[in-house]
Amino acid sequence: MISRIYTKTYCLFTGCLLMLFLPMATNTLAQAQSTIQVIEQQSAEPLSFATFNYAEQKGMANEKGQIELVLNDTSLLVIHHVAYGSLSFSSSEMKMAAQSGQLFVAAKRAVTLMPVTVVGIHSGSRQKETLGLGYHQQLSHDAGAFLQLNPSVSGIRKSGSYGFDPVVRGFKYDQLNLVIDGVQCATAACPNRMDPPASQISLNMMEHVELFKGPYALRFGNGFGGTINFVSQKTLYTDSPDVTGRLTSGFEHNGSILRNEAFVGLSNKRAHLGLFGSWSKGSSYSDGEGNEILSRFMRGSAGAVLGLKPAEQQEITMSATRNIARDVDFPSLPMDLILDDTWLLNVGHSLNFGSGRTNRWRTKLYASLVDHFMDNSLKNLDPRPMNTETDARTLNAGGKTEVLLWLPAGRLIAGTDMKVEEAEGSRVRTMLTGPMAGKVFVDNAWQHGRIVRNGVFAEFTANRSNQVFVVSARLDVDQSDIIDPADEFVQVYENTTSTQLNPSLSAGYTHIYDPNVSVSFWLGRSQRSASLTERYINFFPVGIDPYELLGNPELKPETNNQADFSLKYNGNELSLSMNFFASYLQEYISSTIDSSLTPRLASSPGVRRYLNLEKAMMTGFELSFSYQLNSMITANIDMAYTYGLDLNAKTPLPEIPPLDMRLKLISKHFKGKLQPELSIRHVLAQQLVARNFGETSSPSFTIADLSAAYRFSKTVGFRLGITNLFNEHYYEHLNRAMRIPSGTPLYAPGRSFFATLNLYLD
C-alpha cells in the first residue's frame, strides 16, 4: 500500500536568450598565445567546432571547445555557430576570458540540431539589468498552461484554471515523455488526469524548458512522440558567504486570481541551500459573454534544494518539493478535485573528470508520490442521484546514470535508467434515490497496476567540418502486472501480465552551409508499451465521450516511424526556422465501442475497450520567423499545424489541434528597462474531427494581449497587462465540454487585467 503523503515566466523566447559572460579579474595581456575554452552557458558543455575570427586570425574550436589566439588590446572576437549565429566579444571581455581560460556563450535565439524548442523561464535569483522579464510567467501555477505559450503545444483542458494536459503535434498523455532534469517524472493518480504530470512542476524553480519534437531525444526516456524536459536552476556557489532572494506577487482580476512565489538562496564555496515556495488561489471567471465558469482552485508548493561540493570536480544535490491542491472545480468531469498532495524527492551526484576521454559521470535517483482525492460534493446537482468519491495514489520512482565520453570520432553519452510506476484507488458510489437507495458500490479503478521499465541508451555526436551526425539508440524492457485484480476485469482477460521489449533508434544529419544557415534531416523509430490507463483502467469514463473505458493488458506496443526536415537561418536581424514532419504509426493505441461489455454506471451509454489500430499517420509543420525592425522593436511570427488520420478507417484521429498562428511585437526602451509587448493569436476552425469518439468541430477565433514591463532598479520590477483585449468569446478545440449544461463548451476567460510586482535581494 502506498503511504499517504502531503504534499504563467512569460519569457517565451522560441529562443531569445541574451548573451552572457562571467566577470573575472582583469590583467594586461602580453603578446603571447592564449588557449580559451568556449563553453555553452546553460549546459556547461564545450562548444565544439565553432569557427572564429579575431583580427587577422581565423580558425575552428576543437572538440573540447578550445581556441588558440594571440590577444591584443583592441580587437573583437567573432564566433560563428549554427546554434548561435554570430556572437561578438569586446577586448575587455577577451581580457577576462584570457584570465579565466573560459568564455561562456548563450544563444541569441534557440536554434539547435535536434527538432527542439527552448522556452526560457527566467535567469534565476541574480537577474539584474540583463532583463529576462519572466517573473510574470514564473508565477504560473500550472506548467501545462505555460507550455501553451508555444504554438506547437496545445492542452486538453477539463478545468478553467487547472490541470492542463499538454499535446504536442497531436501526441498526448504517455506518448509524451515529461521529465524534470531528464530523469524525474510523476504519474497522475486521477483516472481522468485532473493531476497530469505537468501540474506537479514548480515553475519558479525552473530555468528553462526543452521541447524535443519527435522520437529523437532517447537519453531522457522513451520519447515516442516528443520529450518535454524541465531544467532546474543550477546550484550557485560563491567564494564568500552570500544571500540572494526573490519575491513575486501578482493579481488577475477576472477570476480574482492571486499568485505569489518566493526564493531564498544561501551559498558559499562548498554549499548552496535554496528554499522556495509558491501559493495561488482563484475563483470562478467570466467568459467573453459574461457567463460564469466554475474554476476555483487553490495551489501551493514549497521545497528546498541542497547542493554540496566535497571537491572542486564533484557535486551532490538533494531536493524535496511538496505540492498541494484543494477544492478545484472541474466542470467537464463528474467529480471535482478535493485534495491532491504530492512529494517530489531526488538526490543526484555529478563527477567531472576535467581531462581525458571520460569527461563527466552523472547519477540521479528520484521518487514522486501522489495522493489524490476527488468527489462530487461541490457539484450543484438537483436531483442528486448518488454521492461518488475516489481515493487514489500513485508512485513513480527510479533513476538514471550516464557518462560523457570524448572519443576520437566524437562525443558519446551512454547510460542506463529505470522507472517503476504504480497506481491504486477505488471509486465509492452511495445511491441516494430509487430502489437502490442506501446501497454502496465500490469500483476498483486502478487494480493496483504496476509497470517496471529498465532501459539502456546511447547518443553519439560526430562533427566533420560543416557536417554534424547524431545517432541515438535505446532499448527498454517493459514488465507489467496488477496486484489487486477486479473480478469483472479478469473475466474479460485471463492473463494480465506481460513482458515486452521496445527498441528505439534515431539518426540525424545537419549540413551547415555557412555560419548562419543549416539544413537538418532526422529519422526515428520509437516503440512504446501501453500505459497504466491503457492496460488496467477498469470501467472508468476517461475519454472524450461518456463511454466507460476498459484497459487491455494484451495491447501490443505502438510504433512511431517519423521523419523531420528542418531549414534554419539565424542572422543578426532576421531568424527563420521551418520544420516539416511526417509520422507513420503502427499498432496505434486507440479504443472502440464493445457492445458485449456492460457499463458499471446506468448513465453510461456503453463501454469502450482499448485496442491497436493497424496503421495511422500524422503530418504537419512549424514555422518561426523573427525580424529586428529597428533598434527597439522585434517582430516574431510563429505557426504550427498537425493533421492526423486513421489509415484503415480513413477517419481523422481524435484530439488534433487546429492551425495556430501568432504574432508578437516586442519593444525595448530606456536601455531595456521598459518593455511593451503586443501579442495576437489566430486559430483556425477545426473541422477534421473524430465523430466516432463524440468529438465536435470548433470555430476559429482571434485574441490579443497587451502588456508592459518596467524595471525600476536592479531590485524592483513591475508588469501591467490585459489578456483577451477585445473580450473574445471563444474556446480551445481540445477543451472538454461541460456537463452542466450538458455539452456546453468550456469557454476561456474574457477580458482580464493583471499586475505583477517583482522584488530581488542580492
Ionic contact status for Asp142 with Arg157, cut-off 4.0 Å =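 Judged by the 4.0 Å cut-off on N to carboxylate O distance, Arg157 and Asp142 do not form a salt bridge.
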
ask   = Below 4.0 angstrom, N of the basic side chain to O of the carboxylate: do Asp329 and Arg296 qualify?
value =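 Salt bridge flag = yes for Arg296 with Asp329.
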
Can a side-chain donor-acceptor contact be found between [Y] and [X] if the only test is distance below 3.5 angstrom?
X	Y	result
Asn229	Thr227	no
Ser202	Ser301	yes
Thr723	Asp705	no
Thr238	Ser267	yes
Ser698	Gln686	no

Distance, nearest 0.5 Å, that separates [atom1] of [X] from [atom2] of [Y]:
X	Y	atom1	atom2	result
Lys664	Ser679	NZ	OG	5.0 Å
Ile201	Ile228	CD1	CD1	9.5 Å
Ile257	Ser283	CD1	OG	7.5 Å

Is the side chain of [X] donor-acceptor paired with the backbone N or O of [Y] at a distance under 3.5 Å, no angle test?
X	Y	value
His253	Phe753	yes
Asn724	Pro749	yes
His141	Ser161	yes
Arg719	Phe754	no
Ser752	Asn254	yes
Arg299	Ser199	yes
Asp165	Ile156	no
His272	Tyr237	no
Asn516	Gly571	no
Ser332	Ala737	yes

inquiry  = For a quick test of reading the model, state the closest non-hydrogen atom pair linking Leu574 to Phe625 and the distance between them.
reply    =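 Smallest heavy-atom distance, with atoms named: CD1-CE1, 3.6 Å.
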
Non-hydrogen atoms of Pro657 and Ser154 that approach each other most closely =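 Scanning both residues completely, I find the closest heavy atoms to be CB-OG, 3.1 Å.
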
Between [X] and [Y], is any pair of side-chain heavy atoms under 4.5 Å apart?
X	Y	result
Phe263	Met205	yes
Gln184	Leu344	yes
Arg259	Thr756	no
Thr642	Val167	no
Val231	Glu210	yes
Glu728	Thr702	no
Phe276	Val305	yes
Met206	Ser232	yes

inquiry  = Going by side chain to side chain contact (heavy atoms under 4.5 Å, CB included), Met661 matches just one of Ile680, Ile637, Leu684, Leu623. Which one?
reply    =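 The option that passes is Leu684.
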
Charged tip of Arg169 within 45° of Phe581 ring normal and under 6.0 Å =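 Yes, Arg169 lies over the aromatic ring of Phe581.
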
query = Does CZ belonging to Phe726 count more than 12 external heavy atoms closer than 6.0 Å?
reply =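 No, because the 6.0 Å sphere around CZ of Phe726 holds 12 heavy atoms or fewer from other groups.
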
task = Please name the residue in the list His682, Gln148, Arg681, His733 that meets the side chain to side chain donor-acceptor pair (under 3.5 Å) test with Asp660.
result =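 Among the candidates, only Arg681 passes.
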
Whether Phe330 and Tyr162 hold their rings parallel, tilted or perpendicular, with breakpoints at 30° and 60° =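 Ring orientation of Phe330 relative to Tyr162: perpendicular.
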
key: Tyr641/Tyr643 aromatic ring centres below 6.0 Å   =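 Between Tyr643 and Tyr641, which both carry aromatic rings, the centre distance is not below 6.0 Å.
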
